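Read through the structure below, which is laid out as C-alpha cells, and then see the notes.
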Amino acid sequence: MSVTSITETTVRDDSLDTPNPYPGAEKGNWTKTFSDALAEATGLPLEITDGIAPYVVRPKDLLTRVGGTYRVRPGVITTDPATGLQILNVTVHGFAGTPGEYNERIRGAFHSPTRPDPDLTRMLPRLVTGTDTNGIPLPYLATDGPVPANTLSSLISVMENALNDADGSRGYKLRDDIQTYGQNEGTLHAILLRTVAETHGSEPKVRRVLDLTAIKGANRSRARIVLFGLAAKDIVFGVDRAKLALPETGDYPARIADPAVWVPAFADSMRAAYTDERHPLHNDALNAQKVATVPIGIIVGTAHPDEFHNVVFDPNRADHRRPPLGYSLAEKAASDMRAVLRDAKANGWLTESERAWLAGEGVDTLAHKGEDTVTARDRRDRALFNALFPDDPDRAKAVTRVLGEPKRSYTSKEHVAHRLRMVSAAAAAGYRYRWNPRVLDGLLSSTFIKTSDRLALPGWSEALDKSLTDSKVMEEFLTTRGIHWLAEFKIIDADRGSIGAQAGGHDNDPDDQAETSADRKIRRSTISARRAMMAKPRRAVELMRELARATNEARSPRTVDEDGAPVDGTVADKRWFDDQFPKTVKRRTSAKGRDSETDSSNPGKPDPTPQELLTEARIAFYSEATHHTPTATVDLLNAARHLIDAAQDAGQGATLADDEERGAILQALISTQNDIQNLLGTVATMQFGRGQVQESQAEKFLTEAGGDDE
C-alpha cells in the first residue's frame with residue numbers, strides 16, 4: 001500500500017463518527033514473538049504456530065516477559081474440565097476459522113468407506129492425530145495421507161451444500177443475523193494441517209496449509225467469512241491477490257494460501273476499504289464490520305494426545321446430540337453412536353481401527369480374503385448391535401452413561417427406540433442408500449433394555465437357514481438386518497404417522513419429508529412388514545437371499561414366486577412387496593380370553609367410483625411426470641456419458657456407428673422433444689379445467705421402428 005493511501009485512510013478515519021473497527025495487520029515483530037511463545041507453551045511446531053499467529057489481534061497483550069524471554073500469559077490457555085482439552089482464548093480477525101467437513105451435523109452428506117461403492121470425491125479422508133518428527137503425538141489434526149486437490153475441492157463443495165441444506169432448519173439466515181447484531185457467542189476451532197496433492201507443471205507436489213476448522217460454531221464461522229467475501233476454498237486454495245494489500249515490491253502468484261502472507265495483507269485491505277467508498281472491498285468491509293474482530297478458542301492441547309483426533313470432537317458431539325436447532329434425526333442418532341464407540345475405544349473394548357470401521361470413518365481391517373459384500377457388511381451390522389446392546393455389564397453401564405439414560409430399571413420404549421435409531425443410522429453408512437433410521441421403531445420390546453434381553457445374531461446365511469424352522473431366529477434376523485436390506489432397495493420405509501402429519505413433515509425432522517400421493521395410499525409400519533414375512537417364512541427367506549445376491553452383484557433384486565424362486569425380468573419394489581406380503585390384522589381377544597363373535601371374514605372390494613378413478617389417474621400422471629420421465633432422461637444422459645468415456649478409453653472420437661444410427665437417435669429425440677412441448681401446453685391449460693393431448697410423435701416413431709424390425 002502506498003504512503004498516500006495510508007494518509008488518506010487516516011484522514012477519513014478521523015472524519016467518521018465511529019472508529020474504524022478493523023485493526024489491520026499487527027505492527028512490529030509481535031506476531032513472530034507470539035508464535036515462538038505459543039510453540040514453547042504447547043509443543044506445537046513453528047509451522048503451525050506461525051500459521052495461527054497472524055490471525056491474532058494485539059498478540060503483545062497475550063505475552064509476559066520472564067527472565068528475558070516472552071511467554072504466553074497465565075489464563076490465556078485454559079483447560080476444559082469436561083474434556084481435558086487445553087484451549088487458547090484469543091481475539092482474532094473475523095475471517096479466522098472455517099467450517100469443517102467433519103462436523104457432526106453433516107456427516108451423512110459424505111460417503112463412508114464401508115459403503116460398497118463409495119464415490120471417492122464424496123468420501124472424507126480419515127483423520128489422524130498429528131505427530132512431531134519423532135512420531136510423538138501432538139494436539140493437531142491431519143489426514144492419513146495427502147488429499148488430491150480435486151478431491152478436496154469436491155469435499156468442500158459437498159460441505160457447503162450440506163450446510164446450506166441444514167441451515168434451512170434454523171428459521172432465519174444466520175449470515176443476516178450476524179451482519180446486523182454481530183456474534184454474541186464464541187466459536188471453538190481445532191488445528192487441521194492439510195496436505196494437498198497437486199501437480200505444478202508436470203511435477204507432483206504435496207502442499208501443506210494450516211486450517212482452523214470449527215469444532216463448535218461451524219455455521220457462525222461460515223457466515224463470518226462469507227460476510228468478508230471469502231469462502232472455505234479460499235483458505236485452502238488461496239485468496240485472490242486482488243483482495244490483498246501486498247507490498248508493491250515482490251512477485252506474488254494469482255492466489256495466496258500462506259496465512260503468514262495473506263492474513264496481514266487482507267487485514268490491511270479491510271481497514272483501508274472500510275473508509276474508502278471507492279475501494280473494491282468497501283461493501284464487504286461494511287457487511288462484516290460487526291465481526292471485524294471476534295473472540296475464539298483454539299484447541300492447543302489435550303490430556304490424551306494419542307487420542308486427539310477422537311477427543312477433539314467431543315464438544316461438537318455434545319452440542320449436536322442435544323441440539324437447539326432442528327438437526328436431522330439421522331445425524332443426531334449417528335452422532336450418539338459415534339460417542340458410544342469412542343467411549344468403548346477409550347476403555348480398551350475396541351481398537352482404533354475397529355472404532356473407525358464401525359463409525360463409518362475407516363476401512364474394514366478385519367476383512368476376510370474372498371469375503372463377499374453382504375458377509376462383510378453383516379459382520380459390521382452385528383458388531384454395531386453388540387456395541388449398543390453389550391453382554392458385558394461394564395460396557396452396558398458405559399453405554400447408559402454416554403447416552404445419559406436413567407438406571408436400567410427406569411428405561412422405557414423411548415430409550416429402546418433411540419438405540420435402534422442409532423444403530424440403524426450407523427449401519428446405513430455401509431449401504432448404497434441411507435434410509436430413515438425410524439425403520440426399526442417398535443421392532444424390539446419396550447422392556448428390552450430394562451430386562452437385559454440379548455440378541456443371538458448369527459451370521460446372515462446361518463440365520464436364514466435356521467429361520468425356516470425357528471421363528472425366533474427369523475424375527476431377530478429381520479429386526480437386525482432384514483428390514484435394513486429391504487430399506488436399502490426402498491422396498492419398505494419408515495412409518496411416519498398419520499397421512500396428515502406425513503404431508504407436512506413430522507416432528508420438525510428434515511429426514512421426515514412428505515411422500516407422494518401414491519406412497520400415502522399404503523400406510524404400513526415395519527412391524528406389519530415383519531409380521532407379514534413371518535407368515536410366509538419360505539418366501540421371505542428366499543426374498544432375503546435374492547436381496548443378498550442383488551447386493552453382491554450390484555443389481556436390482558428380482559421378485560420371488562410363491563415357492564421362493566426368483567422371477568427373471570422382474571424387479572422387487574414396494575408395490576410388489578405390499579401386494580405379496582399384505583398387511584395382517586391381528587385379532588384381539590377379550591379380557592376373559594374369548595374371541596369376538598363378530599364376523600371376521602374379509603370384506604369384498606367394490607368397484608371404484610368415478611372420483612376414485614380420477615384420483616388414480618392423477619396419481620399415475622404425477623408419478624410418470626415427476627419420477628419415471630426424469631429417471632429415463634437421466635439414464636439416457638448417463639448412457640451418453642458412458643459412450644463418450646468408452647470412446648476416449650479406446651482412443652477414438654465419440655462417433656456413432658453410421659449415419660443411419662445417428663439419424664434414428666436424432667429422430668427419437670426430436671419426437672420426444674415434440675411430445676414434451678405438447679405436454680407442457682397441456683399442463684398449462686389443465687389449471688383452467690381444459691387440456692388435450694395431441695397425437696404422440698414418439699409413439700409414431702416407435703411404431704415405425706417396430707415395422708422396420710419386422
Side-chain angles (χ1 to χ4, degrees), residues 108 321-322 326-337 340 381-382 384-385 387-389 399-400 403-406 411-431 433-451 453-455 457 472 474-515 519-520 522-534 540 574 577-578 581 583-586:
R321 288 163 53 209
R322 306 289 185 268
Y327 295 120
S328 155
L329 170 65
E331 300 293 9
K332 286 186 288 187
S335 182
D336 268 349
M337 190 74 214
V340 169
D381 291 350
R382 287 183 286 138
L384 286 169
F385 271 100
L388 208 53
F389 299 100
V399 173
T400 297
L403 298 181
E405 293 176 347
T411 55
S412 63
K413 65 178 181 180
E414 286 78 12
H415 302 104
V416 176
H418 180 57
R419 289 203 194 185
L420 286 174
R421 292 170 185 177
M422 288 168 56
V423 75
S424 186
Y431 289 69
Y433 168 70
R434 289 178 184 263
W435 51 78
N436 186 320
R438 283 194 174 104
V439 292
L440 298 187
D441 280 11
L443 293 182
L444 289 181
S445 163
S446 61
T447 61
F448 193 84
I449 300 174
K450 181 184 297 186
T451 55
D453 288 340
R454 292 290 174 260
L455 296 166
L457 298 176
K472 180 174 175 57
M474 183 175 190
E475 181 178 20
E476 286 196 355
F477 172 79
L478 293 175
T479 298
T480 57
R481 284 154 288 172
I483 294 297
H484 285 166
W485 291 16
L486 292 165
E488 180 188 25
F489 290 105
K490 304 182 183 181
I491 295 174
I492 62 172
D493 51 24
D495 179 27
R496 304 177 186 182
S498 68
I499 293 177
Q502 191 175 316
H506 187 61
D507 294 341
N508 296 318
D509 182 4
D511 264 3
D512 213 0
Q513 301 300 319
E515 296 173 305
D519 291 329
R520 290 192 209 121
I522 298 176
R523 300 300 308 134
R524 155 171 235 184
S525 69
T526 47
I527 299 175
S528 166
R530 183 181 66 180
R531 186 183 300 129
M533 285 187 287
M534 293 188 67
K574 189 176 189 298
F577 180 85
D578 288 331
F581 292 91
K583 290 183 182 181
T584 58
V585 180
K586 187 176 181 180

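Computed from a predicted model, the values in this text were never measured in an experiment.
Considering only heavy atoms from C-beta on, Asn436 stays 4.5 Å or farther from Asp493 through its side chain. For the pair Pro437 and Leu329, the minimum side-chain heavy-atom distance is below 4.5 Å. Using a 4.5 Å heavy-atom cutoff, the side chains of Lys450 and Ser412 are not in contact.
Using modelled atom types, no side-chain atom of Arg421 and backbone atom of Ala330 make a donor-acceptor pair closer than 3.5 Å. In this structure, the side chain of Thr480 engages the main chain of Glu476 through a donor-acceptor pair within 3.5 Å. Under the 3.5 Å distance criterion, the side-chain polar atoms of Thr479 are matched with a main-chain donor or acceptor of Glu475. The backbone N or O of Arg524 sits nowhere less than 3.5 Å from a side-chain atom of Ser528 that would complete a donor-acceptor pair.
Checked against the 6.0 Å centroid threshold, Trp485 and Phe477 count as a close aromatic pair. Ring-centre distance between Phe448 and Phe389: below the 6.0 Å cut-off.
Applying the ring pair (Phe, Tyr, Trp, His ring centres under 6.0 Å) rule to Phe385 yields no partners; only residues at least two apart in sequence or on another chain are considered. Under the rule for a side-chain contact (heavy atoms from CB on, under 4.5 Å), the partners of Ser446 that lie at least two apart in sequence or sit in another chain are Lys413. For Phe577, the ring pair (Phe, Tyr, Trp, His ring centres under 6.0 Å) partners are Phe581, not counting sequence neighbours. When the side-chain contact (heavy atoms from CB on, under 4.5 Å) test is applied to Ala429, the partners found at least two apart in sequence or on another chain are Ser112, Thr114, Arg380, Arg434. When the side-chain contact (heavy atoms from CB on, under 4.5 Å) test is applied to Thr400, the partners found at least two apart in sequence or on another chain are Glu405, Arg419. Residues passing the side-chain hydrogen bond (donor to acceptor under 3.5 Å, both in side chains) test with Thr411: none are found, sequence neighbours excluded.
Looking at Lys574 and Asp578, a side-chain N of the basic residue comes within less than 4.0 Å of a carboxylate O on the acidic one, giving a salt bridge.
In this structure, the separation between NZ on Lys583 and CD1 on Ile527 is 12.5 Å, given to the nearest 0.5 Å. A distance of 9.0 Å separates OG1 of Thr526 from CE of Met533, quoted to the nearest 0.5 Å. Between atom CE of residue Met337 and atom NE2 of residue His418 there is a gap of 10.5 Å, rounded to the nearest 0.5 Å. Taken to the nearest 0.5 Å, the CZ atom of Arg530 stands 12.5 Å off from the CG atom of Leu486. We find the CD1-CG distance between Ile449 and Leu388 to be 7.5 Å, quoted to the nearest 0.5 Å. Residue Arg481 holds its CZ atom at 14.5 Å from CD of Glu488, rounded to the nearest 0.5 Å.
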Requested in this report: Carefully, step by step, assess Leu455 and Leu444 under the rule side chain to side chain contact (heavy atoms under 4.5 Å, CB included).
Outcome: CA-CA 10 Å; Leu455 296 166; Leu444 289 181; 4.2 Å; yes
Query raised in the report: Taking it one step at a time, do Ser445 and Val416 satisfy side chain to side chain contact (heavy atoms under 4.5 Å, CB included)?
Result: CA-CA 8 Å; Ser445 163; Val416 176; over 6 Å; no
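In plain terms, the two heavy atoms of Ala487 and Tyr433 that are nearest each other are O-CD2, 3.3 Å. Smallest separation of non-hydrogen atoms from Asp381 and Ala427: OD1-CB, 3.7 Å.
Partner Met422 forms a side chain to side chain contact (heavy atoms under 4.5 Å, CB included) with one of Val340, Leu384, Leu440 and no other, that one being Val340.
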